[in-house]
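Beneath this line is the structure, given in structure tokens, with notes to follow.
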Amino acid sequence: MGWLGALSDPRLGRVLRAVHGDIARPWTVAQLAAVAGMSRAAFSAQFTRRVGQTPLAYVRAWRLTLARAALGRHGADVASVASTVGYRSQSAFGHAFRRSFGIAPGGRRHGGSRPRADG
């Protein structure tokens, strides 16, 4: 179904709006489940079934999607983008970015945009 369809679910919609509204917050499954008003296990199972990925995988993917867009803008600083999307260290951000996109964040900033062959 994906995240867009999950927005119509009252509990999951609250969670998605919270994550999108405060992406830099260090979200945990317990916090997300509390926003949904559900137990952690029930929330994780329902989120994964409806969205297609675990809650924290979704948060990580959304952070990196926002970061990639921000780095594509002229003058974006890697450290400030990392902080804005919730990474406490530039190193952790760089590793996550490279793992997802196959290129260092600084390379994206300088015009690199080749996606990884494996996804």
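Reckoned from all heavy atoms, side chains included, excluding hydrogens, waters and symmetry mates.
Rounding to the nearest 0.5 angstrom, the gap separating the CG atom in Leu12 from the CZ atom in Arg17 is 10.0 Å. Note that OG1 of Thr65 and CZ of Phe101 are 5.0 Å apart. Values are rounded to the nearest 0.5 Å. Of the inter-residue distances, the one linking Gln31 atom CD with Arg40 atom CZ reads 11.5 Å to the nearest 0.5 angstrom.
A donor-acceptor contact shorter than 3.5 Å is absent between the side chain of Arg11 and the backbone of Gly37. A donor-acceptor pair under 3.5 Å is absent between the side-chain atoms of Arg98 and the main chain of Ala104, judged by distance alone.
Pro55 places a side-chain heavy atom less than 4.5 Å from the side chain of Thr48.
Of all heavy-atom pairs spanning Ala42 and Ser39, the tightest one is N-OG, 3.1 Å. In plain terms, the two heavy atoms of Ala18 and Trp27 that are nearest each other are O-CZ2, 3.5 Å. Closest approach of Arg88 and Pro26 over heavy atoms only: NH2-CG, 3.2 Å. What you find for Val15 and Leu32 is that their closest heavy atoms are CG2-O, 3.4 Å. Of all non-hydrogen atoms in Ala36 and Phe43, the two that sit nearest each other are CB-CD1, 3.9 Å. Taking each heavy atom of Pro105 and Gly94 in turn, the nearest pair found is CG-CA, 3.8 Å.
Taking the centre and axis of the six-membered ring of Phe97, the NZ or CZ atom of Arg68 falls outside the cone set by 45° and 6.0 Å.
In terms of the side chain to side chain donor-acceptor pair (under 3.5 Å) criterion, residue partners of Gln46 (sequence neighbours excluded) are, by chain and number, Asp9.
In Arg14, the CZ atom is crowded: over 12 heavy atoms of neighbouring residues, nucleotides or ligands sit closer than 6.0 Å.
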Side-chain atoms of residues 79-86: list all donor-acceptor pairs with protein atoms under 3.5 Å, sequence neighbours left out, distances to 0.1 Å.
unit_1	atom_1	unit_2	atom_2	d
Ser80	OG	Asp77	O	3.0
Ser80	OG	Asp77	OD2	3.4
Thr84	OG1	Ser80	O	2.7

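Aromatic ring pairs are classed by plane angle as parallel below 30°, tilted from 30° to 60° and perpendicular above 60°; the pair Tyr58 and Phe47 is perpendicular.
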